[in-house]
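Note that the coordinates shown come from a computational prediction; the quantities given were computed from them, not determined experimentally. We count ligands from 1, going down the list as the structure has it; atoms in each ligand are counted the same way.
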Amino acid sequence: MNTDPRPTLIAAARQFYQMGWMIGTAGNLSARRPDGNFWITASGCPKNQLIIDDFVLMTLDACRSEAYLVPQQSHTQKRPSAETSIHAAIYSLFPDAQACYHVHSIENNLVSRLIMGDALPLPPLEMLKGLGVWEENPQVAIPIFANHLEVSRIADEICTRFKTKMPQVPVLLIRDHGVTVWASSLEGVSNYLEIAEYIFRYMVAGQKIGLELG
Ligand SMILES: CSC[C@@H](O)[C@@H](O)C(=O)COP(=O)(O)O
Ligand SMILES: [Zn+2]
């Protein structure tokens, strides 16, 4: 990824806003640069009207799963997303990840309540191939994490769980909060998010008509 990812992030945020996934400043998007630093949306920005200065450059301490502001950012006084620690956790756990998207949709909030355990089993849909699962009748579950006011606690729990058990697909849910997806390219992360949200819409619609989802 040699070009500036910010125009792509701006376009993606506008699209997700229109889908109802980034309403009222919700959500945050990030992408890595070739030097390993990553751009992330500044906190509290309306996602339908982002500009190039609505991003903050962070440097990653992969060993500690923490990110820090890159100094000398004369162009912005903005604060990074309040959920930067989750992006930092993903980038440190998955060195191939080049982009990480987090959105709040009605459906991703609803499905996080379909089961009160720590993983959501998915129906064996063809669409799972788009998340990299090429199996007959796949048994896939998405990890669910508790939502905490202190975001670094969510990030710590992601690190702890994924260090012992890697997720089957690059998707995680935070209960009553939203979804986070990651991929090795900007194109890939958008596809993954669209597929995850398709599956969530399917599950919510299936529940409504009493479908057995397993
Ligand atoms: C609509 S408030 C949502 C926030 O609390 C948070 O969950 C979120 O996704 C956006 O936080 P931000 O700091 O703007 O990146
Ligand atoms: Zn959020």
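For atom 3 (C) of ligand 1, the nearest protein heavy atom (residue, atom name, distance) is His104 CE1, 3.6 Å. Among protein heavy atoms, atom 13 (O) of ligand 1 sits closest to Ser43 OG, 2.6 Å. At the top of the distance list for atom 11 (O) of ligand 1, counting protein heavy atoms only, stands Asn28 ND2, 3.7 Å. Taking atom 6 (C) of ligand 1 as the reference point, the nearest protein heavy-atom neighbour is Glu83 OE2, 3.2 Å.
For the side-chain contact (heavy atoms from CB on, under 4.5 Å) with Glu194, the qualifying choice from Gln15, Met127, Met19 is Gln15, the only one to do so.
Ring planes of Trp21 and Phe16: parallel class, angle under 30° (limits at 30 and 60°). Aromatic ring pairs are classed by plane angle as parallel below 30°, tilted from 30° to 60° and perpendicular above 60°; the pair His102 and His104 is perpendicular.
Interface atoms of ligand 1 facing Ser81, defined by a heavy-atom separation under 4.0 Å, are 12 (P), 13 (O), 15 (O). Distances below 4.0 Å separate heavy atoms of His102 from the following atoms of ligand 1: 9 (O). Close approach of ligand 1 to Gly24 (heavy-atom distance below 4.0 Å) involves ligand atoms 1 (C). The Ala82 neighbourhood of ligand 1 comprises atoms 12 (P), 13 (O), 15 (O), with distances under 4.0 Å to a heavy atom of that residue.
Annotation: side chain of Phe55 is in contact with side chain of Ile10 (closest heavy-atom distance under 4.5 Å). Between Val169 and Val181, every side-chain heavy-atom pair lies at or beyond the 4.5 Å cut-off.
Judged by the shortest distance from any of its heavy atoms, Arg79 lies outside the 4.0 Å radius around the atoms of ligand 1.
Both tests pass for Arg161 against the ring of Phe145: distance under 6.0 Å to the centre and angle within 45° of the axis.
Ile86 and Leu57 are not part of a single hydrophobic cluster, where members link through side-chain heavy atoms under 4.5 Å apart. No chain of hydrophobic side-chain contacts below 4.5 Å, direct or via other Ile, Leu, Val, Met, Phe, Trp or Tyr residues, connects Ile90 to Trp39.
In terms of polar-atom proximity, defined here as any N/O pair under 3.5 Å, Gly27 does make such a contact with ligand 1. Checked by distance only, ligand 1 and Gly44 come closer than 3.5 Å through their nitrogen or oxygen atoms. Here's the thing with Thr41: none of its N/O atoms is less than 3.5 angstrom from an N/O atom of ligand 1.
Taking the Zn ion (ligand 2) as reference, the nearest N/O/S atom within Glu83 carries the name OE1.
Ion pairing of Lys78 with Asp53 is absent here, as no side-chain N (NZ or NE/NH1/NH2) approaches a carboxylate O to less than 4.0 Å.
If you put the vertex on the Zn ion (ligand 2), NE2 of His104 and NE2 of His102 sit 90° apart, to the nearest 10°.
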